[in-house]
Amino acid sequence: MKLLTANRLSDGEAVWYADGQWVETIAEALIAHDKGSQEALESIGNQALADNLVVDVNLIDIEIVDGSIHPIRLRERIRAAGPTIRNDLGKQARIQQAA
Amino acid sequence: MYRYDEFDHEFVQARVAQFGDQVERRLAGEITEDQFRPLRLMNGVYLQLHAYMLRIAIPYGTLHPRQLRMLAHIARTYDKGYGHFTTRQNIQFHWPALSDVPAILADLATVEMHAIQTSGNCIRNVTADHFAGAAADEVADPRPYAEILRQWSSVHPEFSYLPRKFKIAVTGAERDRAAIKTHDIGLHLKKNDEGELGFAVYVGGGLGRTPMVAKKIRDFLPQEHLLSYVTAILRVYNLHGRRDNKFKARIKILVHETGTEELASWVEAEWQALKDGELKLPEQDVSAIRSYFAPPALTARPEGDEAVRVARLDSRSFGEWLGQNVTTHRNPDYAAVTISLKSIGETPGDISDSQMEAIADLAERYAFDEVRVTHEQNLVLPHVARADLKAVYDGLVEIGLATANAGLISDIIACPGLDYCALANARSIPVAQQIARRFSSLERQRDIGELKLKISGCINACGHHHVGHIGILGVEKKGAELYQITLGGSADENTTVGEIIGRGFGPDEIVDAVEALVETYLAIRSDHSERFLDVYRRVGPAPFKEVLYGAEAKAA
């Protein structure tokens with residue numbers, strides 16, 4: 001399973017591709033389950049790069065753990081949450097604030 | 001300290017306007033990322049995991065309080081309320097929006113700062129001894145020469161597209177506090193028998209994938225030849241340095257593959273053609289630059305000894321701080337103060353906006369408007385009257401920056417690592433925090449004595465792990481973090497590259513491993529004066545391997 005991720009051009013915010021838009025939380029991302037949908041995501045990423053919406057576009061590996069998206073690589077888990085040493089920064093801070 | 005002249009102001013303003021226009025065109029989609037990337041890097045803008053990062057140059061680590069206040073303003077206005085001091089004596093902000101960068105650079109220009117040449121294959125910020133101008137053991141202040149190099153290297157047309165980045169450091173004392181032998185060029189300012197100033201010149205040091213100690217190619221270069229000789233080195237490098245392989249492109253590889261003697265002869269030949277030309281430094285120009293770095297008028301403050309004696313009796317923690325974070329000054333009434341940015345459990349090198357402002361206040365009130373950034377990610381107030389030390393200490397206690405651990409095991413250099421950096425393979429900061437917590441007792445740390453522990457989150461070695469007495473390198477293995485230990489490195493006048501001790505340790509094992517190494521050292525040192533590094537140099541790796549790997553090490 002894969003997701004399409006990038007950083008937004010204007011502010012560098014880590015974003016993931018959902019259905020038709022780039023979202024700021026990984027939980028909303030569109031999951032590609034097969035090769036065909038992965039290729040579709042790849043071309044969406046290339047187009048978004050060409051359209052100057054995002055930079056550093058990547059397809060990343062994930063699995064589903066307890067019903068939630070769990071990136072395989074620690075690097076992607078940190079991008080999805082924020083620095084592990086500062087819970088008040090990054091996406092995790094918003095979740096705390098919301099709670 | 002150095003003040004911009006009209007030319008400097010116009011140059012920086014023009015650059016702010018130029019980059020502002022480039023950002024605008026990028027955001028409007030008029031230029032692609034491939035076109036923009038080299039432009040943003042030339043202006044210190046990186047893309048990291050969570051956001052852009054802006055690295056701001058602090059020439060030779062010297063800051064005026066008004067500049068520190070501006071950094072606080074930037075942290076508060078455009079970032080997330082803090083900054084991170086780096087091992088090149090620079091500061092970086094980890095969360096700026098690209099669209100805000102032109103405004104940040106415009107703000108910086110008002111206090112004579114910029115982000116030019118903090119990235120890219122050019123000559124980077126020239127670093128210097130953080131006690132420059134204050135150290136008791138100094139021959140002369142190295143910063144005027146660092147400033148001359150800064151002016152010469154800023155957008156130097158011949159050296160803006162080198163094979164790779166290029167780093168220069170200058171020290172003015174026999175005791176090397178600027179790690180000059182880990183630099184592409186290391187300059188040791190000294191006097192010859194006639195009392196004239198000049199430099200011992202070292203070339204080809206560096207860390208990263210292939211760590212090398214710089215080689216001396218000249219014992220004494222008269223100061224007036226500084227620019228012609230450095231130009232000769234850069235020309236040889238620019239011509240012969242490898243451009244076919246990024247990992248072999250630094251001058252250290254050229255020196256290694258060519259041989260020191262042969263390379264020195266190339267430099268000499270190039271220099272002979274240059275030495276009496278326009279690059280020869282006129283004494284009046286050197287004097288003019290030197291006058292910017294004239295020491296402050298240090299009035300006699302003989303009451304210092306008594307004041308310190310009384311305050312010490314009153315406060316044990318002040319006494320501990322005095323012993324660890326206060327360094328002898330060339331003027332006996334004064335001292336240099338190290339402000340540790342390594343409070344136990346905090347991120348090494350991080351500082352909040354309000355801490356920056358409080359330190360600016362202290363520098364204005366007690367330290368003649370000067371602050372220094374050290375390559376070990378601490379700050380220094382270089383000129384404090386001993387009579388004012390208690391007041392400075394009290395001010396630092398108020399902002400949580402009075403930890404008395406300078407040079408001890410918790411005074412750790414750590415790169416941002418995988419918590420921020422797009423190049424990292426493993427986290428550095430949490431390892432530093434856990435080690436600091438494990439050794440949180442200052443009494444225990446003082447008993448261990450000087451121990452330089454340095455951590456990098458990837459082989460690029462921003463955390464200088466190769467030259468740590470204990471070095472830790474984070475790697476990724478089978479999707480997990482793994483930490484390799486090197487022992488016996490040092491970055492002083494006897495620079496050595498540490499040796500890998502054996503297989504790596506997981507995140508849950510690394511702190512125990514460090515503690516086992518330290519306990520082994522304590523058990524075998526001859527007395528308290530024999531530092532960890534001295535013991536390692538005396539006994540070698542065997543007892544340390546045995547404690548980490550037991551029978552396995554013996555079998556090997």
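Hydrogens, waters and symmetry mates play no part in the numbers below; they use all other heavy atoms, side chains included. Please read these numbers as outputs of a predicted model, since none were measured by experiment. Lettering follows sequence order; numbering is per chain, from 1.
- Counting only heavy atoms from C-beta outward, the side chains of A/Asp11 and B/Leu98 never approach each other to under 4.5 Å.
- Distance check: B/Leu27 CG to A/Leu9 CG gives 5.5 Å after rounding to the nearest 0.5 Å.
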message: Set out, in order, the CA-CA distance, both residues' side-chain angles and the distance that settles side-chain contact (heavy atoms from CB on, under 4.5 Å) for B/Leu49 and A/Glu76, then state yes or no.
response: CA-CA 9 Å; B/Leu49 297 186; A/Glu76 293 304 325; over 6 Å; no
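- Using a 4.5 Å cut-off between non-hydrogen atoms, the part of residues 420-430 of chain B that approaches chain A consists of B/Tyr420, B/Ala422, B/Arg427, B/Ile429, B/Pro430.
- Looking at B/Gln433, the atoms closer than 4.5 Å to chain A (heavy atoms on both sides) all sit in the side chain, from C-beta outward.
- With a threshold of 4.5 angstrom between heavy atoms, A/Arg8 approaches chain B through N, CA, C or O but not through any side-chain atom.
- With a 6.0 Å radius and a threshold of 12 heavy atoms from other residues, nucleotides or ligands, B/Glu24 has its CD atom at or below the threshold.
- When heavy atoms are compared at a cutoff of 4.5 Å, A/Arg79 approaches chain B by way of both its backbone and its side chain.
- When each of A/Gly12, A/Ala80, A/Ala14 is checked for heavy-atom pairs under 4.5 Å with chain B, A/Gly12 comes out on top.
- Proximity to chain A (any heavy atom under 4.5 Å) is shown, for B/Arg37, by neither the backbone nor the side chain.
- By the 4.5 Å heavy-atom criterion applied to side chains, B/Tyr52 and A/Glu13 are not counted as neighbours.
- Taking chain A as the reference chain and counting heavy-atom pairs below 4.5 Å, the highest number among B/Ala480, B/Gly29, B/Pro96 is found for B/Gly29.
- Neither the backbone nor the side chain of B/Pro416 comes within less than 4.5 Å of any heavy atom in chain A.
- A/Leu89 has its side chain out of reach of B/His50: every pair of non-hydrogen atoms, C-beta onward, lies at least 4.5 Å apart.
- Looking at B/Thr347, the atoms closer than 4.5 Å to chain A (heavy atoms on both sides) all sit in the side chain, from C-beta outward.
- Ion pair A/Arg75/B/Glu476 not flagged as a salt bridge, since none of the NZ, NE, NH1 or NH2 atoms sits closer than 4.0 Å to an Asp/Glu carboxylate oxygen.
- Residue B/Tyr46: no heavy atom, backbone or side chain, is found under 4.5 Å from chain A.
- Ranked by heavy-atom pairs shorter than 4.5 Å toward chain B, the options A/Asp56, A/Asp51, A/Ile72, A/Asn52 are led by A/Asn52.
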